[in-house]
Amino acid sequence: MPELPEVETVRRGLAPRLTGAVVTHVDQRRPDLRFPFPDRMAERLVGAEILSVDRRAKYLLMPLSTGETLLAHLGMTGRFTLSGAAEVRPGAFYAPDPPKGHEHLEVGLRSKEGEAFRLTYADPRRFGFIELLPSGDVSRSPRLGHLGPEPLRTDLTAPELRRRLTGKKTPLKAALLDQRVVAGLGNIYVCEALYRAKLSPKRQAGTVGEGRAAALTAAIHDVLDEAIEAGGSTLRDYAHADGGEGSFQQRFDVYDREGEACRRCGATVKRLVQGGRSTFYCSACQR
DNA sequence: AGAGCTACCTGAAGGC
DNA sequence: TGCCTTCAGGTAGCTC
């Protein structure tokens with residue numbers, strides 16, 4: 001899935017076109033993704049203006065003029081595409097194109113300038129979902145209410161991270177993937193941040209003291225900043241690069257580098273399975 | 001309460 | 001070529 005940097009890249013691609021646009025039609029091609037689409041979704045959307053395109057953790061949020069907020073999670077393979085006057089692919093994380101037959105939702109829109117265009121949601125695995133949140137405090141909705149702080153430089157501090165890890169016996173890798181601890185990191189960026197901080201993914205989360213928390217927080221900030229700057233990571237790369245792809249995958253230090261040399265010490269990058277998911281790390285320099 | 005596992009779904013890649 | 005297994009960026013929901 002798209003982790004925080006990928007979702008942020010999608011947000012930045014969508015926002016200029018969607019902000020101020022009005023929904024003119026909705027073509028829902030199946031009843032559900034991971035969860036059922038909202039009841040009467042088409043009638044609730046048609047006529048609504050999209051006020052902004054925001055992000056919280058790995059969620060996209062679009063407040064509407066009706067008071068409701070459209071919430072979208074891309075799961076592992078979800079992808080938004082804008083088409084109309086000019087084709088825009090706001091970040092492609094499942095390159096080059098999703099297999100045909102998985103365009104589950106198409107939304108017709110009209111821009112402030114009166115131009116018609118379309119927003120299409122494709123998701124082969126259908127782990128993504130789309131909901132409509134009622135008016136009110138969206139941050140306390142069921143999907144968002146339990147989320148920890150954004151892991152960005154502007155939000156997360158070292159003392160806060162340390163406090164959130166205190167007392168946890170779970171491995172540090174698992175703690176950082178827990179969206180209640182910090183919200184927006186996924187498998188790639190947790191591996192990369194732990195590498196940069198020279199911390200073992202197997203270390204008990206609660207053993208991270210002041211100094212290690214400072215190193216880890218800085219590593220998280222740096223890796224996310226760089227990944228956002230690079231437009232995220234596009235896996236399953238292919239020969240002809242498209243403007244819609246991120247490039248951070250070229251800068252992975254450990255992720256998907258099992259058997260290759262550690263860029264810092266030359267030891268061999270290892271893979272282990274934690275909580276059913278691959279962890280990549282250097283056992284020589286991550287402690 | 002918290003930690004650990006499985007399910008959800010499709011496609012790509014590798015082994016034979 | 002084809003069949004089989006394994007793996008993939010995530011989260012919810014179940015056990016213990």
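Naming convention: chains lettered A, B, ... in sequence-line order (proteins, then strands); numbering from 1 in each chain. Note that the structure is predicted; figures quoted are calculated from it, not measured.
In this pair, A:F127 does not lay its aromatic ring on the base of B:dC9; centres under 5.5 Å and planes under 30 degrees do not both hold.
When each of C:dA12, C:dA8, B:dG4 is scored by its nearest atom to the side-chain atoms of A:P171, the top-ranked nucleotide is B:dG4.
A:R126 comes within 4.0 angstrom of sugar-phosphate atoms only, judged by non-hydrogen atoms across all strands, and of no base. A:R180 comes within 4.0 angstrom of no nucleic acid atom, judged by non-hydrogen atoms across all strands. Across all strands, A:F248 comes closer than 4.0 Å to no nucleic acid atom at all (heavy-atom distances). Looking at heavy-atom distances under 4.0 Å, A:F35 makes contact with sugar-phosphate atoms alone, never a base.
For A:R153, the side-chain hydrogen bond (donor to acceptor under 3.5 Å, both in side chains) partners two or more places apart in sequence, or in a different chain, are A:D222, A:D225.
Side-chain N or O atoms of A:E68 include none that pairs as donor or acceptor with a backbone N or O of A:R44 at under 3.5 Å.
Between A:H73 and A:F129, the ring planes lie parallel to each other; the angle is under 30°, not in the 30° to 60° tilted range.
Rounded to whole angstrom, the span from the CZ atom of A:R277 across to the C1' atom of B:dA7 amounts to 14 Å.
C:dC14 sits 16 Å from B:dC9 when the P atoms are compared, rounded to a whole Å.
Remark: A:R196 engages A:E226 in a salt bridge, criterion side-chain N to carboxylate O under 4.0 Å.
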